[in-house]
Amino acid sequence: MKVFKFGGASTNSYERIKSLAHILEYHKDEKVLIVVSAMGKMTNALEKVVDAFYEERNEDALKLFQKIKDYHLNQLKYLITLHWEKATTQLNDFFTEVEWLLHDKPVKDLNYYYDQIVCVGELLSSTLISYFLNEEKLANEWIDVRDLIRTDDTFREGKVDWDVSKKLVSEKLLPLFEQNNFVVTQGFIGSTDENESTTLGREGSDYTAAIFAYLLDAESATIWKDVDGVLNADPKEFPDAITIKELSYKEVIEMAYFGAKVIHPKTIKPLQNKNIPLFVRSFLDLRLSGTVITSNQNHHMPITIVKKRNQALLTLQTTDFSFAEGKPVNLLYEILDELRIKPNLTQNGAITLFICIDDVDEKTEKLAILASSFFNVNIQKGLTLLTLRHFSEQYLQMNEANAEIILEQRTSDTIQQLMK
Ligand code: ADP
Ligand code: ASP
Ligand code: MG
């Protein structure tokens with residue numbers, strides 16, 4: 001059994017969905033679970049629907065959702081002919097579910113509605129792809145991942161219940177492979193034991209692929225991307241970046257944790273725990289072998305660079321000149337936990353704490369307000385966090401000259417610099 005994951009970039013046009021089918025042609029005789037994300041930037045578009053709904057701008061929410069409907073119905077026209085009616089009915093069922101909700105008034109937490117609405121992106125894309133593959137004679141079954149991946153009710157960041165999911169996979173997914181070699185399902189989403197939809201965190205489809213690889217004891221997982229593999233930097237930022245052919249789980253988890261957007265950080269653990277290789281390959285050029293990620297250490301690592309923009313630095317100083325330790329610091333970590341903020345960099349002084357975080361969803365302001373009851377808070381925004389691994393002194397000297405570094409942290413193999 002293999003697990004393939006196709007992200008938004010690999011399903012955002014007719015040509016790309018064609019090439020997805022082309023890839024599967026090569027694997028016709030193998031059992032493959034196909035995990036797909038929402039098409040293109042659909043999740044961003046759905047987030048806007050959620051915002052409008054939650055601000056009780058129901059008309060706007062419905063209008064924005066209409067655009068999403070039109071996009072998928074248009075894709076359907078190009079992709080599906082034979083079973084056009086059945087596919088349309090299926091899409092309409094998903095549309096109706098969301099539209100019912102959009103007529104309501106929000107009475108629950110925002111994160112709850114977020115998951116009920118945003119999950120439709122993956123349901124729509126996987127439905128279209130499943131019908132399309134069937135028309136291309138790539139026989140497959142479609143399954144709703146919400147019948148397979150059980151999570152708790154931490155909406156927007158569902159925690160997987162591995163035991164229940166394992167049971168559901170054996171009962172509901174494995175039998176489908178008795179009839180067909182291919183099964184299509186969704187990444188990023190799951191459901192609670194009360195049948196409420198949940199999501200696993202933005203970009204979470206990679207993680208879903210890893211969850212399935214783990215639960216199915218797959219021989220490998222492959223993530224198909226619009227890049228040649230894992231490169232030593234984002235090629236959109238650094239056009240000279242090079243593909244790294246072999247990487248260890250440890251190296252990738254570090255890169256992803258520091259913000260390399262190529263793989264979701266949670267993807268590695270399930271694979272590492274069962275020693276399942278992860279391939280990152282280009283859906284644009286099948287001749288390239290891409291990157292293989294295993295437990296083997298690569299002793300010839302090039303310098304790796306991760307640039308994270310849109311950072312905020314909070315400087316927290318104790319109000320009464322007491323040391324920045326003990327109770328106020330414990331309280332601060334409780335607040336971070338409550339707001340679901342993972343600091344990207346922290347540093348201590350005697351009476352001061354520095355915390356660098358992603359400046360998103362007004363979390364900087366929320367954190368500042370809550371922390372201001374026991375710290376004097378200062379905020380700097382619009383910063384960039386640069387993380388370098390396997391760097392040389394020469395490289396640092398060349399690059400440090402032009403940058404205004406506000407904060408720096410260094411271990412033997414990693415340096416992090418926060419700059420303006
Ligand atoms: P998808 O959602 O389609 O799976 P993403 O857009 O999430 O794909 O991830 C692919 C993108 O990740 C690439 O287009 C590239 O710009 C970016 N990226 C960031 N860092 C790296 C890296 N180190 N190696 C390769 N790609 C990277
Ligand atoms: N569609 C989701 C997102 O854009 C999940 C994913 O693409 O992995 O975040
Ligand atoms: Mg992605």
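Just so you know, ligand 1 is whichever comes first in the structure, and atom 1 is the first atom listed for that ligand. Excluded from the calculations below are hydrogen atoms, water molecules and symmetry mates; all remaining heavy atoms, backbone and side chain alike, are included. Note that the numbering runs from 1 along the sequence shown for the chain.
Only the backbone of A233 comes within 4.0 Å of ligand 1, counting heavy atoms alone; no side-chain atom from C-beta on gets that close.
Ligand 1 has no nitrogen or oxygen under 3.5 angstrom from a nitrogen or oxygen of N232. In terms of polar-atom proximity, defined here as any N/O pair under 3.5 Å, E122 does make such a contact with ligand 2.
What you find for S248 and Q297 is that their closest heavy atoms are CB-CA, 4.1 Å. Of all the heavy atoms in Y14 and F132, the pair that sits closest is CE1-CE1, 4.2 Å. Here the closest heavy-atom approach between residue D226 and residue L284 is recorded as O-CD1, 3.8 Å.
Closest heavy-atom approach to atom 1 (P) of ligand 1 within the set K236, M255, K307, K225: this belongs to K225.
In terms of protein heavy atoms, atom 16 (O) of ligand 1 is closest to D234 OD1, 2.7 Å. With respect to atom 4 (O) of ligand 2, the closest heavy atom belonging to the protein is R202 NH2, 2.9 Å. Ranking protein heavy atoms by distance to atom 23 (N) of ligand 1, first place goes to L231 O, 2.9 Å. At the shortest separation from atom 27 (C) of ligand 1 among protein heavy atoms lies V262 CB, 3.5 Å. For atom 5 (C) of ligand 2, the nearest non-hydrogen atom of the protein is F188 CG, 3.5 Å. Distance from atom 13 (C) of ligand 1 to its nearest protein heavy atom, with residue and atom name: D226 OD1, 3.4 Å.
Using cut-offs of 30° and 60° for the angle between ring planes, the H83 and Y131 rings count as tilted. Relative ring orientation between Y113 and Y54 is described as tilted, the plane-to-plane angle lying within the 30° to 60° band.
Coordination check, E203 versus the Mg ion (ligand 3): passed, since an N/O/S atom of the residue sits under 2.8 Å.
Geometrically, K274 engages Y214 in a cation-pi contact, judged by NZ or CZ lying under 6.0 Å from the ring centre and within 45° of the ring axis.
Heavy-atom separations between A241 and ligand 1 are all 4.0 Å or longer. For the pair G8 and ligand 1, a heavy-atom separation below 4.0 Å is found. Residue contacts with ligand 1 do not include E237, since none of its heavy atoms lies under 4.0 Å from the ligand. The shortest separation from a heavy atom of G187 to ligand 2 is not under 4.0 Å, leaving the residue out of contact.
Counting heavy atoms of neighbouring residues, nucleotides and ligands inside a 6.0 Å radius, atom CH2 of W84 does not exceed 12 of them.
In summary, the atoms of ligand 2 found under 4.0 Å from a heavy atom of S205, numbered by their order in the structure, are 5 (C), 6 (C), 8 (O). Each of the atoms 3 (O) of ligand 1 lies under 4.0 Å from some heavy atom of A9. Close approach to T43 involves these atoms of ligand 2, each under 4.0 Å from a residue heavy atom: 1 (N), 2 (C), 3 (C), 4 (O). Every atom of ligand 1 is numbered from 1 in the order shown, and the set under 4.0 Å from a heavy atom of V227 is 13 (C), 14 (O), 15 (C), 25 (C), 26 (N). Every atom of ligand 1 with a heavy atom of G7 under 4.0 Å away is listed here by number and element: 1 (P), 3 (O), 4 (O).
With salt bridges taken as basic N to acidic carboxylate O contacts below 4.0 Å, none links E203 and K261.
Distance check, rounded to the nearest 0.5 Å: CG of D104 to CD of Q116 gives 12.0 Å.
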Yes or no on side chain to side chain contact (heavy atoms under 4.5 Å, CB included) for L278 and T222, after CA distance, side-chain angles and deciding distance? CA-CA 6 Å; L278 172 64; T222 305; over 6 Å; no
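Distance check for atom 6 (O) of ligand 1: every protein heavy atom is found at 4.0 Å or beyond.
Counting only heavy atoms from C-beta outward, the side chains of I355 and I357 approach each other to under 4.5 Å.
Between F6 and F283, a ring centre-to-centre spacing not shorter than 6.0 Å is recorded.
For the residue pair D153/T192, the side-chain donor-acceptor check at 3.5 Å is not satisfied.
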